[in-house]
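The figures here come from the full heavy-atom set of this structure, side chains too, leaving out hydrogens, waters and symmetry mates.
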Amino acid sequence: LWAVYTSLRSYADTSAHGYLSLAHGLTFQNFANAWSQSDLPIYFWNSILITVPAVLLTLVFSSFVAFYVARFDFRLNLALLMLFTAGNLLPPQVIITPLYRLYLLIPLPGAMSDSELLYNSYWGVIAIHVAFQTGFCTFVFSNYMRTIPKEISEAALVDGASVWRQFWQIVLPLCRPAFAALATLESIWIYNDFFWALVLFSTGSKRPITSALANLQGQYFTNQNLIAAGALMTAVPTLIVYLVLQRQFISGLTLGANKG
């Protein structure tokens, strides 16, 4: 509410009377200026190019691993699950330097020249998001899949269904609540990321919406009213997702916690 109040006031008003004062007139000019000065449409599109593939790949890879861990018994079952979930315990700041050097050496798949590297590319940021988020999704998926009776898979096996068919036509449809909750949560987390976009992009034109606010800060002067307006517009997609998919968010907090 304070951000909304600040964004509707002009800089001249707050400069003359202070931020802790009654407004002498409200205006939407800050929103128009933030939209044009920070090139928000370009950054919104960049966020879509990063968030959508990252979420899809994360859910696909984690569901594969979770199915194998949850439905098959083998010696390294628990160790494999711990390996994937251990990545969530690693602070991203620990691997800044090695990852930065690594991205400067690895070319993009199908690159025509040695200058086309993972660094400063959408696929480089997508890959690191997938790597960090797969562990959490694997943990949730595996716990949820364990609640599905194994008799269903055994009946399908008797009928001649292959492992892929069991996963694709039996287990996967039953995991729709888990997919909905994780897709919602992952979309919000990846959309709100600022750290990796700042580290792995050298040009501002490729960075996501969270870094667009930096364009509103001057070297010697910062208009806090303008930044408040930009921050509110940046948060609009996440607020819409929270309001529309509120039920999935609530169920996602306890998803896989209990075995029924």
Side-chain angles (χ1 to χ4, degrees), residues 1-55 91-93 96 100 120-122 124-126 128-129 132-133 183-250 252-253:
L1 291 176
W2 187 258
V4 173
Y5 179 63
T6 303
S7 64
L8 293 175
R9 301 180 64 182
S10 64
Y11 178 79
D13 184 16
T14 55
S15 178
H17 304 93
Y19 287 94
L20 299 176
S21 63
L22 295 177
H24 294 71
L26 302 177
T27 178
F28 288 95
Q29 189 60 40
N30 288 324
F31 292 91
N33 293 339
W35 181 267
S36 58
Q37 293 181 20
S38 62
D39 296 326
L40 285 183
I42 297 176
Y43 289 100
F44 270 123
W45 177 244
N46 291 341
S47 292
I48 293 175
L49 292 179
I50 295 173
T51 303
V52 174
V55 171
Q93 294 82 357
I96 291 179
Y100 177 80
N120 197 35
S121 69
Y122 293 118
V125 179
I126 292 172
I128 195 64
H129 281 309
F132 267 91
Q133 300 299 333
T184 306
L185 292 171
E186 293 296 329
S187 298
I188 299 301
W189 292 342
I190 296 176
Y191 175 87
N192 285 330
D193 174 71
F194 175 74
F195 177 77
W196 290 116
L198 188 65
V199 173
L200 300 179
F201 280 128
S202 63
T203 57
S205 60
K206 291 185 177 181
R207 289 175 179 170
I209 189 65
T210 50
S211 62
L213 297 179
N215 295 340
L216 299 177
Q217 298 181 3
Q219 183 176 1
Y220 304 105
F221 167 77
T222 299
N223 187 342
Q224 300 296 341
N225 307 70
L226 191 65
I227 293 179
L232 289 174
M233 288 190 290
T234 301
V236 166
T238 58
L239 293 176
I240 293 176
V241 172
Y242 271 113
L243 294 176
V244 175
L245 302 176
Q246 184 179 13
R247 183 176 301 176
Q248 280 75 10
F249 273 107
I250 296 175
L253 295 177

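Contact record, H129 with I190: CD2-CG2, 3.8 Å, taken as the closest heavy-atom pair. Of all the heavy atoms in N46 and K206, the pair that sits closest is ND2-C, 3.4 Å. Across F195 and P92, no two heavy atoms sit closer than the pair CE2-CB, 3.9 Å. Closest of all the heavy-atom pairs between A34 and L226 is N-CD1, 3.5 Å. When all heavy atoms of S21 and Y5 are compared, the pair lying nearest together is O-OH, 2.7 Å. Between L232 and S7 the shortest heavy-atom distance is CD1-OG, 3.4 Å.
With contacts defined as side-chain heavy-atom distances shorter than 4.5 Å, the pair T14/Q224 does not qualify. Contact of the Y122 side chain with the P53 side chain is not registered, since no non-hydrogen atoms from C-beta on lie closer than 4.5 Å. Side-chain contact check for L198 versus R207: some heavy-atom pair is nearer than 4.5 Å. Using a 4.5 Å cut-off on side-chain heavy atoms (C-beta onward), F201 and V125 make contact.
Expressed to the nearest 0.5 Å, how far CG of D193 lies from CD1 of I209 amounts to 13.5 Å.
Checking side-chain atoms of S202 against main-chain N and O of N120 turns up no donor-acceptor pair under 3.5 Å. Between the side chain of S36 and the main chain of N33, a donor-acceptor pair closer than 3.5 Å is present. In this structure, the side chain of H24 engages the main chain of L22 through a donor-acceptor pair within 3.5 Å. T238 places no side-chain N or O within 3.5 Å of a backbone atom of I188 that could act as its donor or acceptor partner.
Taking D13 as the reference, R9 meet the salt bridge (Lys or Arg N to Asp or Glu O under 4.0 Å) condition, with sequence neighbours excluded. When the ring pair (Phe, Tyr, Trp, His ring centres under 6.0 Å) test is applied to Y100, the partners found at least two apart in sequence or on another chain are Y119.
For L239, the CG atom counts as densely surrounded, since its 6.0 Å shell holds more than 12 non-hydrogen atoms of other residues, nucleotides or ligands.
Using bins of under 30°, 30° to 60° and over 60° for the plane-to-plane angle, the ring pair W35/F44 lands in the tilted bin.
Here salt bridge (Lys or Arg N to Asp or Glu O under 4.0 Å) pairs that include residues 23-45, with residues two or more places apart or in two chains, number zero.
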* Asked: Does the pair T234 and Y43 meet the rule for a side-chain contact (heavy atoms from CB on, under 4.5 Å), with working shown?
  -> CA-CA 10 Å; T234 301; Y43 289 100; over 6 Å; no
* Given the rule in the side-chain contact (heavy atoms from CB on, under 4.5 Å) test, do N30 and L8 qualify, once you have shown the distances and angles that lead to the verdict? -> CA-CA 7 Å; N30 288 324; L8 293 175; over 6 Å; no
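With 3.5 Å as the limit, one finds a donor-acceptor pair spanning the side chains of Y19 and N225.
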